[in-house]
Amino acid sequence: MDDFLNSKAMMTPAISGTAVTTITAILVSQFGLPGNWCVLGLSLMLGLLTWADKAVPAVQRMVLYLINSATIMVFAIGLNEAGMAASGYANKQDCPDIVERDIERGEKPAPEKFFQPWF
């Protein structure tokens with residue numbers, strides 16, 4: 001556990017980024033929350049793991065907190081973009097238009113996809 005909570009370990013942001021992607025995608029698709037704020041808040045929250053390493057000075061922990069939080073957020077956004085590409089979205093602008101088109105045709109809109117635009 002000490003190796004995992006080490007503030008200099010890069011495995012923590014990678015695993016946390018995957019968790020942030022999953023949690024944010026669920027919050028966005030099921031509850032309609034804004035993805036951009038969810039990914040930011042969750043990244044900052046999971047970035048707090050760097051404060052568990054008491055052997056590092058506070059100033060260095062603050063810098064590592066910011067770097068790890070940014071890494072978590074970038075990893076989560078990149079994973080979401082890859083998921084959108086794999087799901088078949090041509091580009092981000094097509095997503096709302098597909099739902100509006102289905103409603104105009106009188107069709108039931110397709111359920112929200114797991115991967116969708118956060119910004």
Side-chain angles (χ1 to χ4, degrees):
M1 190 66 158
D2 291 335
D3 291 336
F4 183 74
L5 293 177
N6 182 354
S7 60
K8 297 176 186 172
M10 289 308 294
M11 184 59 83
T12 303
I15 292 171
S16 299
T18 304
V20 167
T21 301
T22 305
I23 295 168
T24 302
I26 291 170
L27 292 174
V28 170
S29 66
Q30 297 301 313
F31 301 110
L33 296 175
N36 55 348
W37 293 110
C38 287
V39 74
L40 177 64
L42 289 169
S43 297
L44 291 172
M45 185 177 71
L46 288 178
L48 289 172
L49 287 173
T50 58
W51 289 95
D53 187 8
K54 302 294 184 195
V56 178
V59 174
Q60 188 177 0
R61 277 188 282 172
M62 178 57 91
V63 171
L64 291 170
Y65 166 68
L66 294 173
I67 291 171
N68 282 347
S69 296
T71 304
I72 293 168
M73 189 171 78
V74 168
F75 189 88
I77 291 169
L79 189 56
N80 182 62
E81 293 290 324
M84 282 179 43
S87 298
Y89 284 138
N91 58 37
K92 296 178 190 176
Q93 288 75 26
D94 288 347
C95 301
D97 295 337
I98 293 170
V99 174
E100 290 174 14
R101 180 197 65 208
D102 290 345
I103 292 172
E104 288 173 0
R105 291 181 181 172
E107 299 173 1
K108 182 179 176 184
E112 293 289 330
K113 292 193 174 191
F114 189 74
F115 295 109
Q116 51 187 303
W118 293 345
F119 295 98

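Since this is a predicted model, take the numbers as computed values, not measurements.
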Next on the checklist: In this structure, would Leu48 and Ile23 fall into the same cluster of hydrophobic residues linked by side-chain contacts under 4.5 Å?
Outcome noted: yes
Could you give the side-chain donor-acceptor pairs of residues 38-46 under 3.5 Å, partners two or more places apart or in another chain?
residue : atom : partner : partner atom : Å
Ser43   : OG   : Val39   : O            : 2.6
Ser43   : OG   : Met73   : N            : 3.4

Checklist entry - How long is the span from the OG1 atom in Thr24 to the CG atom in Leu33, to the nearest 0.5 Å? => result 9.5 Å
Next on the checklist: I'd like to know if Val28 and Val74 are part of one continuous hydrophobic network [Ile/Leu/Val/Met/Phe/Trp/Tyr, side-chain heavy atoms within less than 4.5 Å].
Outcome noted: no
Item to check | Distance in Å, Asn68 CG paired with Arg61 CZ, rounded so as to fall on 0.5 Å steps | outcome: 13.0 Å
Checklist entry - Which atom pair, heavy atoms only, marks the closest approach of Ala76 to Gly17? => result CB-O, 3.6 Å
Next on the checklist: Hydrophobic clustering (ILVMFWY, side-chain heavy atoms < 4.5 Å, transitive) - are Phe75 and Leu27 grouped together?
Outcome noted: no
Checklist entry - When rounded to the nearest 0.5 angstrom, what distance separates CD1 in Ile72 from CD1 in Ile15? => result 10.5 Å
Next on the checklist: With heavy-atom distances below 4.5 Å as the criterion, would you say the side chains of Thr21 and Trp118 are in contact?
Outcome noted: yes
